[in-house]
Structure formats: C-alpha cells, structure tokens
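The structure appears right after this line, and notes come after that.
Below, chain A is the first sequence line, B the second, and so on; all start at residue 1.
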Amino acid sequence: MLLLTKTTSTTMWVSPQHHCPGQTSITSQNGFVSFPKSSTTSRAVSFNMGNPHTTLPPSGSFKKPINQPITDCNTQIRKFCEVGNLKMAMDLVCNAQKSELELATYCSVLQLCADLKSLDEGRKVHSFIDSRGIEMQNALAPKLAFMYLSCGDLREGRRVFDRMANEKVFLWNMLLSEYAKIGNFEESIMLYERMVEFGVEANSYTFSCILKCLAAKKSVAKGERVHGYLLKLGFGAYNTVVNSLIAFYFKCGRTESARKLFNELCDRDVITWNSMISGYTANGRAEKGVEVFIDMLSTGIRVDLATIVSVLAGCANVGVISLGRSLHAYAIKAGFNKEITFNNTLIGMYTNCGDIDGASRIFYNLGERSVVSCTSMIAGYARDGLSDKAIALFHEMKMEGIKLDIFSVTSILHACACSGSLEDGKEVHNYIRENNMDLDVSVSNALMDMYAKCGSMEDALSIFSQMPIKDIVSWNTMIGGYSKNSMPNEALHLFGAMQQELKPDIVTLTCVLPSCASLAALDRGREVHAHLLRNGLAFDNYVVNALIDMYVKCGALVLARSLFDKTPVKDLVSWVVMVAGYGMHGFGREAIAAFKKMRKAGIVPDEVSFISILHACSHSGLLHEGWRFFDIMRNDCNIKPKLEHYACMVDLLARSGKLLKAYRFVETMPIEPDASVWGALLCGCRIHHDVKLAEKVAEHIFKLEPDNMRYYVLIATIYAEAEKWEEVKKLKERIGRRGLRKNPCCSWIEIKGKHHIFVAGDNSYPQAKTIDSLIKEWSTKMKAEGYFPKLRYALTKGENMQKETPRCGHTERRAMAFGIMSFPPGKILRITTNLRVCSDCHEMAKYVSKKIGNEIVLRDSNRFHHFKNGSCSCRGYW
DNA sequence: ATTCATCTCA
C-alpha cells in the first residue's frame with residue numbers, strides 16, 4: 001500500500017526528462033546505461049539485485065554434459081530460485097553430492113538468500129561451500145560477500161571481501177554504503193581511497209556515496225579532490241553525481257560552489273532544485289532558497305513533496321508567515337495536505353513563526369498523528385514557553401500508546417528544562433530508562449541539560465560520568481551547566497579535563513568565559529581569548545560580548561574597553577556590558593556617556609540596559625541622573641519598571657541619605673516589593689546608621705525571606721555598629737534556631753594563572769609569617785599616620801565581640817600582602833573577595849596604593865574598588 | 001544500488 005502511493009506520487013510530479021546533448025555523449029562515453037525513471041516499479045517486483053555479470057554464470061565455467069537428464073538438480077535448484085522458493089532450493093542443496101553442484105547454482109541460491117535477507121540460510125550455503133572444499137573463484141566469492149552485505153552481516157562480508165581479488169566496482173560501492181549506513185564514514189572514506197589506489201574505476205554510485213561520507217565529516221579538501229577526479233572521469237554533467245556534489249558543498253557551507261555547479265548544470269531534475277532550496281535553508285540563507293523556489297516554478301518543473309517541505313522549513317527559519325500561508329494554500333490545491341510529512345513541517349512552520357494556535361489547529365485536526373507530529377508540536381510549545389502544554393502532550397502520547405523516539409524525548413526534556421520542572425523531568429528520565437534510550441548521546445545530553453537547568457548538577461554529573469561516548473555537546477552542556485549554576489571551579493576543572501580529550505569549540509569557550517569572570521581568573525580568561533583568536537572565532541558578537549564581560553569582571557577595564565572599541569558592529573549587549581562595566585568600577589559618568597552614545601547609534605535600550613545604567617548611577621551616587629533615567633525608561637521607552645529597577649532606585653535614594661523618601665517610595669510602589677527592594681533600603685540604613693528604620697525594614701524582609709543569611713548579617717552589623725550587643729546576641733540565637741550557616745569568607749589572587757586563596761579562620765597558609773609581619777608593619781605605620789581602624793564587628797564566634805577578628809578574617813589584606821610580595825613594584829594587584837569588603841581592609845588598600853605605589857583592583861561581592869595613590873574609585877559609595 | 005524532504009541537546 002505504502003509502496004503504491006509512493007510510486008504514483010513520484011510518477012505524477014516528475015516532469016518528462018529533457019535530455020541535453022551533453023548527457024547522452026557522457027553516458028555513452030563511459031558505457032553507462034541510462035534507465036528510465038520508472039524503474040522503481042520494476043525493482044519492487046524483481047528479485048534480480050545484482051548486475052547481469054554476476055547473476056549469469058561466467059562463460060566457460062560450466063559445461064552441461066549432453067547426456068544429463070532434464071531434471072538435473074542444478075536446473076531444479078535454479079528453477080526454485082527463480083520462483084523464490086528458498087526452502088525447496090535449500091533442501092536440494094543439502095542433499096546434493098559435492099560433485100553434482102555447479103558454481104552457478106551456489107550463486108543462484110546465495111542471490112536468493114540475499115534477496116530474502118535470510119542470513120541463516122546464507123551461512124549454511126557458505127559452510128557447504130567450505131566443507132565441500134569448493135574453490136572460491138570467479139563469481140562465487142563476490143556473490144558470497146554480496147549475500148553477507150545484503151543480509152546486514154557487515155563483518156563477515158568484509159572478511160570475504162578482503163580475501164578475494166576485488167576488481168568489481170559494484171561490491172566496493174556496496175561496502176562503502178554499508179559503512180556509511182552505520183555511520184562509520186571514516187572506514188568508508190578509507191576504503192574509497194584504497195579502491196582508487198587499486199585502480200578500480202569509480203562510477204556514479206561511488207561518487208554519490210563517498211560525497212555523502214565526506215559531507216558528514218565536513219572534509220572539504222578531500223571532497224574537492226573527488227570533484228577533480230570525477231571531472232577527469234567525465235561525470236561533470238552527470239545529473240546524479242552533480243546533485244551529490246551540490247549537496248556536499250552545501251553541507252560544508254560552500255554555498256557559492258554549490259551555486260556554481262547548479263548554474264552550469266543543464267540537466268536539472270526535481271532533486272537538483274530541491275537540493276538548492278534545502279541547501280540554502282540549512283545554511284541560514286532561506287531567502288535565497290525561496291528565490292530558487294520561485295525560479296523553479298517559472299521553469300515549469302513540477303514541485304514534489306520534498307520541495308514544499310524544504311520551502312516551508314525555510315519559511316520557518318526566517319519567520320515569513322505570509323509565504324508560509326500561501327504555500328499552505330498551494331499545497332492543499334496540489335493535494336499534499338494528506339501527506340503526514342507535509343503537515344508535520346507545517347506545524348513546525350507555524351510554531352517557528354510564532355503562530356502557536358495555527359499550529360495546534362492543524363495538529364488537533366490531523367487524521368493520523370505520528371511521533372514526528374507530536375514532536376513538532378511539543379517543540380513548538382517549548383519554544384513558546386508553554387511547557388505545561390508540552391508536558392500534557394507527553395502524557396497524552398503515553399495514553400495513546402504512541403512510542404516516543406529519541407527526538408520526542410529530547411523535545412520533552414527541553415520543555416522540562418525551560419520550565420525548570422524537575423519532577424516532570426524525572427518522569428521522562430524513567431520513561432527513557434524503561435525504553436533503553438539512555439544510551440543515545442543526544443538523549444543523554446538533553447537529560448544533562450534538563451538537570452542542569454533544574455539546578456541539579458549532581459544528577460547531570462551522574463549521567464555525564466556514565467556516558468560511554470561523549471560528544472562535544474556533552475562536554476559543553478556540563479561546562480555551561482556548572483557556569484550557570486555558579487560552580488565556576490567545577491566548570492574550569494572540567495574544561496581542563498575536556499582539553500585532554502578533544503578540542504573545545506566556540507560554544508565551549510563562551511561557556512567557560514562566565515566562569516573565568518566569576519572567579520576573576522584573568523589569566524585563564526586571556527588563554528581562552530588567545531584560543532579564540534588562534535582559531536579565528538573571535539569575531540562572533542556573542543563571543544566578543546562574553547569576552548568584554550570577562551575582562552570587565554576580572555577588573556581589566558582597560559582591556560575590556562580596547563576590545564569594545566575594536567568591535568565593528570556593537571549590538572545592544574556589547575553596549576550594556578560596557579555600561580555595566582563602567583558602573584561596577586565606579587565610573588558613573590563614563591557609563592552615562594556610553595549609554596547616551598548607544599542611543600545616538602540608534603540602539604533601543606531594553607529592561608536590562610536600564611538596570612545597568614541605574615546601577616551605575618547608584619554606584620557613583622548620581623541621584624539626579626538616576627531619576628532622569630528612571631523617567632526616560634517609563635516615559636520615552638515605555639518600559640514598565642520591574643522589581644530590579646525599583647531596587648536600584650531605592651538603593652540610590654537610600655545611599656544618598658534620603659531614607660524616609662526611600663521608605664515612602666517602597667510603600668507606594670505599584671508592584672509588591674520583594675526582599676531585594678527592602679534589602680536595598682536596609683543597606684542604606686546601615687550606611688546612615690538608622691537602627692529604628694532598619695528594624696522596621698527587617699521585619700518585612702524576614703517575612704519574605706526568612707532563610708537568607710545575607711540580611712541577618714546586615715542587620716547584625718547595624719546593631720553592632722550601634723553597639724547594641726544584646727540585640728546582636730538575640731539575632732545570633734534566632735539564626736541558630738533556623739539552622740542557618742554562614743558563607744565562609746575568602747579572598748584570592750591569581751599569580752601566573754594559579755589561584756592563591758585565603759579563607760577566614762584558616763591561619764595556616766603558605767608564607768604566613770612573612771605575610772603577617774608585612775600586615776603588622778602596615779598597621780603600625782597606618783596608626784602612626786592617623787588612620788583609625790574601627791573595631792566593631794558582628795556575628796563572630798566568642799562573647800567578647802569588640803576585640804575579635806571580623807567575619808571577613810581580613811583575608812583581603814592577606815591576599816594583598818601576598819600580591820605585594822610576589823609582584824614587582826608597579827604591577828596592578830587584582831584581588832577578589834566573595835563578600836563585601838571590610839572597611840579596615842578598604843582603608844589599608846588605600847594606604848598601600850599610596851605608600852607602596854601599586855594600583856590595586858579589588859572586587860567584592862557587589863562592585864569593584866580601584867585604589868590608586870591613596871584613594872578609591874568608589875568614593876565611599878558602597 | 002545513487003542524489004533532495006519534517007521532529008532533538010550547548
């Protein structure tokens with residue numbers, strides 16, 4: 001039934017062949033017989049698979065004795081073979097005497113085994129041949145190899161093949177395509193090279209197959225050599241070969257080469273046109289594909305299903321729904337709308353163009369629903385953020401008994417990942433285990449991604465470590481997962497391990513950069529940058545923006561700026577990264593200038609851009625400018641402020657000492673304030689020592705986020721600075737009751753790519769003696785010169801809180817002293833600390849930058865401090 | 001015995 005519809009459809013839409021003179025001359029030149037297109041039908045009923053030379057016995061290999069009876073067993077066996085009765089033929093073979101059977105008879109039986117794909121019977125024939133000591137000669141060995149290859153026993157087929165004289169191109173082709181079928185393209189390519197070396201002349205089938213393999217491996221150079229060779233053999237105008245070449249060049253991204261071939265080919269068939277359309281689409285040039293389609297219509301070639309599907313996929317890629325709709329109408333007229341393949345693509349087109357309702361209308365009106373239809377719909381829902389509907393459809397499929405394949409499970413996992421629904425994700429994981437799909441690399445990758453996006457890196461790692469074969473996506477998913485889950489050490493560690501196994505690509509490097517940024521690992525970041533430059537990957541905007549961000553966050557603002565200046569096409573993200581960078585480093589005026597320049601360049605700011613400019617204003621205490629941007633956002637740009645924007649404004653007001661105004665601002669917000677908004681106010685209360693307001697604010701916060709340690713620390717500090725030790729004690733008890741733990745403070749400095757970490761409470765670091773004495777020397781001198789360190793700290797271990805080392809353990813100054821000891825004078829010290837910098841260390845950094853003369857760039861949890869010649873870029877705003 | 005066509009993961 002299926003076969004019937006297929007044949008009718010091809011014959012219906014294929015145009016009459018118009019032969020150009022070139023083709024006829026080429027075919028005769030090479031001795032090729034051209035078959036009519038309708039040979040598909042005859043192939044379906046005939047069992048004669050081999051070429052005439054192998055099915056007919058070689059002349060002279062057997063001679064019928066004249067006096068033999070008509071019912072000779074050779075004749076009988078061959079008669080059974082002709083009608084396809086393998087059982088009877090085998091019975092006769094089993095019972096025959098050794099000398100009785102001719103070579104050609106074995107060949108016939110083997111041919112039938114191949115046609116019927118009966119490996120067992122074929123093996124039996126092989127063992128007869130061996131046990132009867134029949135010489136493997138002439139047609140027998142090739143036929144045996146053919147039988148094994150046809151029945152899917154590639155290994156045995158190869159063994160027979162290797163032991164015979166193989167000058168037959170047919171068998172070489174078959175072997176090549178079998179290796180290609182199982183994805184072993186390397187072996188196929190190697191065999192092709194050996195074949196050419198042997199002097200076996202390739203034909204059109206060879207070229208089709210080898211070009212496919214080379215396309216899969218993206219071996220452009222080898223492909224070009226094959227191209228040259230096939231021209232030499234006279235295939236330059238041979239339709240199927242050129243079609244294969246076109247597909248090859250497209251798959252390697254060489255659209256111009258493909259176009260040139262197309263232009264020069266006179267015998268273009270429907271496949272040629274389809275290849276052009278899909279080739280352009282696959283290379284992100286869908287508009288070109290549509291152009292080709294329009295040309296195709298004007299030539300009068302009948303379009304087929306593949307044409308429509310390719311053009312629709314192109315519409316989906318560029319999001320041209322108008323063309324998609326007219327194609328939809330056209331396809332209905334042409335009768336394609338009964339084809340499930342067409343409908344599946346249509347669903348994809350509508351979802352990609354953002355018309356999810358149009359897609360689901362088609363989906364729910366489908367007479368027959370395949371896995372692919374469901375997958376397209378699930379993918380569409382996931383893209384549109386409708387994860388619930390995607391997951392519901394998954395359950396529907398299970399109910400209907402539709403078996404999910406690797407595509408559908410990866411789609412559904414993607415939906416779970418997008419919505420962060422770990423429970424649903426685990427259910428899908430169970431389904432995958434039950435159906436033994438967890439061996440597939442793509443499925444495992446999707447599982448890891450789901451777990452990573454749901455925040456469970458342990459589950460992701462357990463899958464990763466159990467994968468027998470990992471591809472580059474597996475590594476990238478893990479590294480990116482660690483990066484996004486704030487596990488930068490793990491990300492960098494895995495990045496190192498990956499480099500032992502395979503070469504990182506552009507995705508790996510962009511996944512690693514945020515981790516370098518978060519650890520302020522400037523040397524590692526520069527290595528990544530160098531890697532990108534060496535491989536010519538540093539031109540993609542996404543990558544360049546990640547690089548600028550990395551330099552900003554590693555404290556190398558100058559490097560960030562010079563990279564930014566060199567970027568020819570600056571997009572919104574490039575500008576925003578730079579604005580945020582200036583802001584973080586305390587250069588509010590520069591941030592404002594950059595923001596203005598961005599708008600002048602015609603780039604429209606979005607929500608996120610306003611967060612960064614408002615932050616920049618608050619880090620530099622630019623209250624009026626901040627208000628102005630808040631108004632611009634609401635009035636000029638029509639962006640409704642979100643919680644982050646309100647938090648920035650509260651921060652700005654509170655830092656400037658306008659605490660009551662800030663409080664009223666929070667109370668009158670049109671949206672419900674969250675802990676971060678109140679937290680900004682609490683921060684202001686600390687700076688301006690307003691204990692009463694702080695208590696009021698804290699009550700709001702503890703209602704919203706009772707378990708966030710950050711706020712307990714902040715309010716405790718406020719009490720401590722007001723010397724309300726009773727309140728500090730109560731707060732400590734409250735923390736104890738909730739079982740909260742403090743994040744240990746640590747600071748680090750990178751020296752020659754190695755991190756030297758100082759953790760609070762750990763006094764056994766290397767060179768402790770020298771470091772401590774250097775710090776002591778500084779404190780003594782500071783006291784003598786009139787610096788007054790504060791001695792009020794909160795949340796320490798003992799009872800006598802005034803006299804203790806603070807929570808930060810002064811790790812910042814240890815890193816600083818170590819840097820001074822290790823670096824030559826004049827070198828910039830880059831230090832990172834995981835909490836807010838303590839005011840004592842802040843003072844000491846000022847002192848060191850003046851007395852020793854080194855510039856110090858200190859990153860705390862909130863911003864950067866540039867110490868130069870005794871002053872800090874934060875100007876007290878922190 | 002070739003060549004084109006729908007759904008997946010960073």
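- Contact annotation: A:K212 side-chain N/O to B:dT3 OP1/OP2 distance is under 4.0 Å.
- Salt bridge absent: A:R285 and A:E291 never bring a charged side-chain N and a carboxylate O closer than 4.0 Å.
- With rounding to whole Å, A:R383 atom CZ is found 14 Å from B:dT6 atom P.
- Closest to the A:T240 side chain, of the nucleotides B:dC9, B:dT3, B:dT6, is B:dT3.
- Picking from B:dA5, B:dA1, B:dC4 the nucleotide with the shortest atom distance to the side chain of A:N173 gives B:dA1.
- The closest side-chain heavy-atom distance from A:L393 to A:E396 is below 4.5 Å.
- Surrounding NZ of A:K398 are more than 12 heavy atoms belonging to other residues, nucleotides or ligands, all under 6.0 Å away.
- Contact annotation: A:K251 reaches the phosphate of B:dC4 (side-chain N/O to OP1 or OP2, under 4.0 Å).
- Phosphate contact (OP1/OP2 of B:dC9, side-chain N/O of A:K453, threshold under 4.0 Å): absent.
- For the pair A:R268 and B:dT3, the criterion of a side-chain N or O lying under 4.0 Å from OP1 or OP2 is not met.
- Rounded to an integer number of Å, the gap from A:N337 CG to B:dT6 P is 20 Å.
- A heavy-atom distance below 4.0 Å to DNA chain B is reached by these residues of residues 405-415 of chain A, ordered by number: A:F407, A:T410, A:S411, A:H414.
- Comparing B:dT2, B:dC4, B:dC9 against the side chain of A:Y205 picks out B:dT2 as the nearest.
- Rounded to whole angstrom, the span from the CG atom of A:L211 across to the P atom of B:dA1 amounts to 21 Å.
- If you take CZ of A:F207 and P of B:dA1, they are 20 Å apart, rounded to a whole angstrom.
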Could you list the donor-acceptor pairs under 3.5 angstrom formed between side-chain atoms of residues 465-473 of chain A and any protein atom two or more places apart in sequence or on another chain?
unit_1, atom_1, unit_2, atom_2, d
A:S465, OG, A:L461, O, 2.8
A:S465, OG, A:S462, O, 3.3
A:Q466, NE2, A:S462, O, 3.4
A:K470, NZ, A:M467, O, 3.4
A:D471, OD1, A:N445, ND2, 3.2
A:D471, OD1, A:V473, N, 3.1
A:D471, OD1, A:S474, N, 3.0
A:D471, OD1, A:S474, OG, 2.8

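- With hydrogens and angles ignored, no donor-acceptor pair closer than 3.5 Å exists between the side chain of A:S208 and the base of B:dT3.
- Between A:S278 and the phosphate of B:dA5, there is a side-chain N or O to OP1/OP2 separation shorter than 4.0 Å.
- Between the P atom of B:dA1 and the NZ atom of A:K181 lies a distance of 11 Å, rounded to the nearest Å.
- Counting distance only, with no hydrogens placed and no angle test, the side-chain atoms of A:D449 and the base atoms of B:dC9 include no donor-acceptor pair under 3.5 Å.
- Under the rule for a ring-ring contact (aromatic ring centres under 6.0 Å, His included), the partners of A:F161 that lie at least two apart in sequence or sit in another chain are A:W172.
- Distance, A:N317 CG to B:dC7 P: 9 Å, rounded to whole Å.
- The side chain of A:S442 approaches B:dC9 more closely than any other nucleotide in the set B:dA5, B:dA1, B:dC9.
- Going from atom CD of A:E178 over to atom CG of A:N173 covers 11.5 Å, rounded to the nearest 0.5 Å.
- With hydrogens and angles ignored, no donor-acceptor pair under 3.5 angstrom links the side chain of A:S376 to the base of B:dT6.
- Comparing B:dT3, B:dA10, B:dA5 by their closest approach to the side chain of A:N476 singles out B:dA10.
- Remark: C1' of B:dA5 and CG of A:N274 are 7 Å apart, rounded to the nearest angstrom.
- At a threshold of 4.0 Å, the pair A:R325-A:D355 counts as salt-bridged, since one of the basic side-chain nitrogens sits closer than that to a carboxylate oxygen.
- Distance OH (A:Y350) to P (B:dT6): 19 Å, rounded to an integer number of Å.
- Relative to the side chain of A:V309, the nucleotides B:dA1, B:dA10, B:dT6 differ in distance, and B:dT6 lies closest.
- Taking the six-membered ring where the residue is Trp, the centroids of A:Y451 and A:H429 are separated by under 6.0 Å.
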